Protein chains: 2
Amino acid sequence: METINVAIVEDLEEIREALRVLINGSQGFSCTHVYADAEQALLELPNLKPDVALVDIHLPGLNGIECVQDLKDQMPATQFMMCTVYDDDDHIFDALKAGATGYILKRTSPAQILEAIRELHSGGSPMSSEVARRVINSIQKKHAPSEAVEILTQREKEILDYLALGFLYKEIADKLTISKETVKKHIHNIYEKLQVQTRTEALNKAFQR
Amino acid sequence: METINVAIVEDLEEIREALRVLINGSQGFSCTHVYADAEQALLELPNLKPDVALVDIHLPGLNGIECVQDLKDQMPATQFMMCTVYDDDDHIFDALKAGATGYILKRTSPAQILEAIRELHSGGSPMSSEVARRVINSIQKKHAPSEAVEILTQREKEILDYLALGFLYKEIADKLTISKETVKKHIHNIYEKLQVQTRTEALNKAFQR
DNA sequence: TCGAAAATCCCCCGAAAGGGTAATTGTCCC
DNA sequence: GGGACAATTACCCTTTCGGGGGATTTTCGA
C-alpha cells in the first residue's frame, strides 16, 4: 500500500501545523511540504508533484483558487482539495472551474479529512452533502430555461432553437417549410418580447450565458 | 423529532421490500407508499407529497428520470433521490437536470441509505464521492474553453469574447479603439480558423454549446 | 360564434455581416 | 538581415439582418 503525498497551502499556522501533524501521524499519508502562501507554493510545487494538495481559499496575496488554477495546468495529475470556511456558491463553483476536485470545510473532523484525502486520491470527489447541494443547484439553475422564454409561443421557441444552432433565416424557413419572411416576422416578435436587438443578445437572454 | 415520510418507486420486489422494511424499522423514518412503476407513482404521489422519494432509474415503461421530471413540477418540496446501479455520466446528469437532488448507488449500505435520506431531507445532496467526481468532471469539461480556441491569437480571443456578448463590430471597434474594418478582419480570421461562417456558429464551436 | 392571439406572407430600406484582396507596422526567432 | 506571424487599416463587393409598415389565414378559447 503506497503512501499518499500531501502538500498543504494554508496561511494560518495553527491549522497548517495541525494538518501536517495529522497527516504525518497517519498510516499511509505523508506531508513533507507546507506553504503559508500561494506564491511560495507556485514556486516549489510544480517540481514536487504531490499526489494531493490541500489549499485554503483565503490566502494573503494570490488566493487559493487562483493558485489552483495556475498549478493544475502544470501538474494535472495532482488532485486539489479546497479546504475552507466558505461554503457559498461562488467560491465552490470558481474552485471547481479552476480545477479543484474536492471541497471540504474546515470544521470537518480529522478522521473525515483523512478519509476525504483517500477518496480524492482514488478518483473520487469528496464534498459534504451541503456543498454537493450547492453544486447541484447551480447545475439545475443553468439548465432551466430562463423565465423570459416562457412568454414566447411554441413556434417562437422552436425558431429560437434553430437560431441558437446558427442557422440562417432561409435555412430555418426551409426546415419549417414556411417563407423566409415569416421566419423574420417570428424573430422580430421574439426580439420584441425579449427586448433585444440582435440574435446573440436574444440567445444570451433566453439561455443563461 | 419529526418523522421523515419516504416513498419508493422500484420495480424489483426484493429491493423494494428490503427498503420498505429498512425504513419502517428505523426510528424517525416512515414508508407507507411503494410503487413498482412510474405510472402508478405519477397517479398517487402528487396527492401524498412525501418528504423524500427514492426512485430507481431503470423502471419498466416510463423510466425513473422521466418520472422525477414530471413529479418535481407537481411537488417541488419533495426531495428526490435516484437509487440505481448505473453510475455513468449521462444518467447522473440527466437525473439532476430532471430535478433529483440525491444520487446513491444500490450497493450503498443500509446505514448509509438512512443517513443519505436524512441528509437529503435536511437540505443536503448525498452522493458518493465517485458520483460527485463525475458531476464535477462534467462541469469542468463545460467550462474549459474548447481546444479550437487555442489556435486563436490573444487579440482574436479578446474579440471573440466581445462577440459572445452580442456587440456589433462598431461597438467592439470603439471598445478596443481600433477601426471597424480591423475588427471585421479579425473576425474573418477567427471564422477561418474555426471553419465556420457565422457568429453563432463560431460561438457554438468556441464554447461548448 | 365571435374575437384575440398566433401564424403566415409581402414590400421597402438601411445597417450589419461576411468574403476577398492588399498593404503597413511591429516583434520574435533563426 | 530575413522570414514568419500578429496586428492594424483600407477598399471592394454581396448577402443577411433587422426595423418599419401592412395584410391574410388559422386556431382556439370565451
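The structure displayed is predicted, hence computed values, not measured ones. Naming: A, B, ... by sequence-line order, numbering from 1 per chain.
Atom OH of B/Y162 is separated from atom P of C/dA16 by 19 Å (rounded to the nearest Å). Taking atom CD1 on A/I190 and atom P on C/dA6, their separation rounds to 13 Å, with Å as the unit. Nucleotide D/dC17 holds its C1' atom 14 Å from the CG atom of A/L203, rounded to whole Å. When the P atom of D/dT16 is taken as reference, atom CG of A/L168 falls 6 Å away, rounded to whole Å. A straight line from NZ of B/K180 to C1' of D/dT8 spans 16 Å, rounded to a whole angstrom. For the pair B/I187 CD1 and D/dA7 P, the interatomic distance rounds to 14 Å; values are reported in whole Å. Taking atom CD of residue B/E192 and atom P of nucleotide D/dC5, one finds them 14 Å apart after rounding to whole Å. When rounded to the nearest whole Å, the span between CZ of A/F167 and P of D/dT16 equals 15 Å.
Not one side-chain nitrogen or oxygen of A/Y169 sits closer than 4.0 Å to the OP1 or OP2 atom of D/dT15. OP1 and OP2 of D/dG19 both lie 4.0 Å or more from every side-chain N or O belonging to A/Y191. Distances shorter than 4.0 Å separate none of the side-chain N or O atoms of A/H188 from OP1 or OP2 on D/dG18. Remark: A/T182 is in phosphate contact with C/dC9, judged by side-chain N or O atoms under 4.0 Å from OP1 or OP2. One finds no side-chain N or O of B/T153 lying less than 4.0 angstrom from the OP1 or OP2 phosphate oxygen of D/dC5. Close to C/dA5, at under 4.0 Å from its OP1 or OP2, lies no side-chain N or O of A/R155.
When each of A/H186 and B/Q197 is assigned the nucleotide of DNA chain C with its nearest heavy atom, A/H186 is the one assigned upstream, toward the 5' end. Both A/N189 and A/K184 lie near DNA chain C, and the one whose nearest nucleotide falls closer to the 5' end is A/N189.
The residue A/S179 sits close only to the backbone: its heavy atoms come under 4.0 Å of sugar-phosphate atoms, none of a base. Using a 4.0 Å heavy-atom distance criterion, B/K170 is classed as making no nucleic acid contact.
Ion pairing of B/E158 with B/R155 is present here, as a side-chain N (NZ or NE/NH1/NH2) and a carboxylate O approach within less than 4.0 Å. With respect to A/R20 and A/E17, a salt bridge is recorded, a charged nitrogen being found less than 4.0 Å from a carboxylate O. The existence of a salt bridge linking A/D56 and A/R16 is excluded, since no basic side-chain nitrogen approaches an acidic carboxylate oxygen closer than 4.0 Å.
Interface remark: the B/K185 side chain does not form any donor-acceptor pair with the C/dG18 base, using a distance-only criterion of under 3.5 Å.
Taking the six-membered ring where the residue is Trp, the centroids of B/F93 and A/H143 are separated by under 6.0 Å.
When atom types are taken as modelled, the side chain of A/K193 and the backbone of A/I151 share a donor-acceptor pair closer than 3.5 angstrom.
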